[in-house]
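Since the model is a prediction, treat every value here as computed from it, not as a measurement. Chain naming here is simple, since letters A, B, ... match the order of the sequence lines and numbering starts at 1 in each.
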There are 2 protein chains.
Amino acid sequence: MNVQSIEADDKRAAIFTATVELIAEKGFHGAPMSEIAQRAKVSVGTIYHYFKSKDDLIMKLHVDIKTRFAEALLVGDDEGMEPYQRFYNLWRNMVKHLASNPAERAFISQFDNSPYEKTCGTDQHFATFARTVVFIQYGIDNGMLKPLPVIVIMEATLALANAVTRLESIGLTIDDEMLKTTCRMAWDAIASHE
Amino acid sequence: MNVQSIEADDKRAAIFTATVELIAEKGFHGAPMSEIAQRAKVSVGTIYHYFKSKDDLIMKLHVDIKTRFAEALLVGDDEGMEPYQRFYNLWRNMVKHLASNPAERAFISQFDNSPYEKTCGTDQHFATFARTVVFIQYGIDNGMLKPLPVIVIMEATLALANAVTRLESIGLTIDDEMLKTTCRMAWDAIASHE
DNA sequence: TCTCATAGAATGAACGTTCAATCAATAGAA
DNA sequence: TTCTATTGATTGAACGTTCATTCTATGAGA
């Protein structure tokens, strides 16, 4: 990778950062290209050099954020762990990642609840979270988790993590105790209790 | 109430319906006043006769939807019921209401995850769901529910109901069995299991 | 020289909002 | 009853702004 493309990546990253922050603060409306450019310290023209359109920028940003999120979940993951320990690790990774990236959390919430979401297939969603999906499927097959579709278990867990971290951004403190109790909450939701 | 104001309420309701549908379909961006007017079969000017601005329209619409949602939850509610039965009733009301009003569900999701949400205080939120809040607080005080802040329990339940009904709009079938299992999911999440 | 990166002015469409002009209904006076 | 004044509801064209996007020019490697 040469000097030019490193610099190019800098701009790209700056545009991503500016966009995610602006959308988190002011929503999809309220994030014009001119302001994105200003915040990223590039010109409007430069954005169009890297992205076909505003929609293209938002889609690529979404993939980027989701990919890094999915990766963050797997830190310290090990198939050999006790199921609950493994889930706790997953939960902690999830909450920590969302809590320390509030703009990304807000962006995801807005994106996933907007009409944009319908442009991404469930397949891609499953592919990004492949390893987590396998973990869940395994749990269902063994009667450890509730007999629900994988997607329900997955979306339920994500919804809870999102709810908890959203509350953090408006005043809730997430210490170790809170992490433990909320993890129990999420686990109890999906575990079969047989 | 005279003939004029009945007709006036018709227009108001038509504007509300058009707005909620359009925003559910195309998001906050993608719902211009001109299109709202067209769908509501009124002129643009008429909207401004009833609402100060687009923001005002959206805020008032939000209050309207949340109020009717909170009311729907209480159908058949009775303090004398067994706690789980009472929760089941609450859950069913919640899921049925959201599932049969998909546009309102989509609107709420988008609103609550957007910067608009920050303009509504938590107080108002609690006031709207007053009776439900009391039920939860009672459950916490009696050790029946997990020792978490009321708002966490409440938002967790709402998040789960939203997740489930969102999945319905993309293919999941919610029959009685699904209603029962997902209710168990939500209850297990918040119950203390002691 | 040629290519890619960058800037920022220019463009045209779309937006929220305003406004002068009607229309419909009611009430009171004659 | 009939005429008139008043009010509120309704319209859609017009306005000024802002937006996403394009275009042209410039600069820096290769």
Checking A:Glu155 now: which residues fulfil salt bridge (charged side-chain N to carboxylate O under 4.0 Å, His left out) with it, not counting sequence neighbours? B:Arg166
Protein-nucleotide distance (B:Arg12, atom CZ; D:dT10, atom P), rounded to Å: 12 Å
Please give, in whole Å, the distance from C:dA24 C1' to B:Lys11 NZ? 12 Å
Restricting to side chain to side chain donor-acceptor pair (under 3.5 Å), what partner residues turn up for B:Arg86, sequence neighbours left out? B:Asp77
Going 5' to 3' along nucleotides 12-24 of chain D, which nucleotides have protein heavy atoms under 4.0 Å from the base (write B), which only from the sugar-phosphate (write S), and which from neither (write -)? B------SSBB--
When you measure from the side-chain N and O atoms of B:His49 to the phosphate of D:dT10, is any distance below 4.0 Å, counting only OP1 and OP2? no
Under the side chain to side chain donor-acceptor pair (under 3.5 Å) test, residues paired with A:His125 that sit two or more places apart: none
Applying side chain to side chain donor-acceptor pair (under 3.5 Å) to B:Lys146 and not counting sequence neighbours gives A:Asp188
Qualifying residues under side-chain contact (heavy atoms from CB on, under 4.5 Å), relative to B:His49, sequence neighbours excluded: none
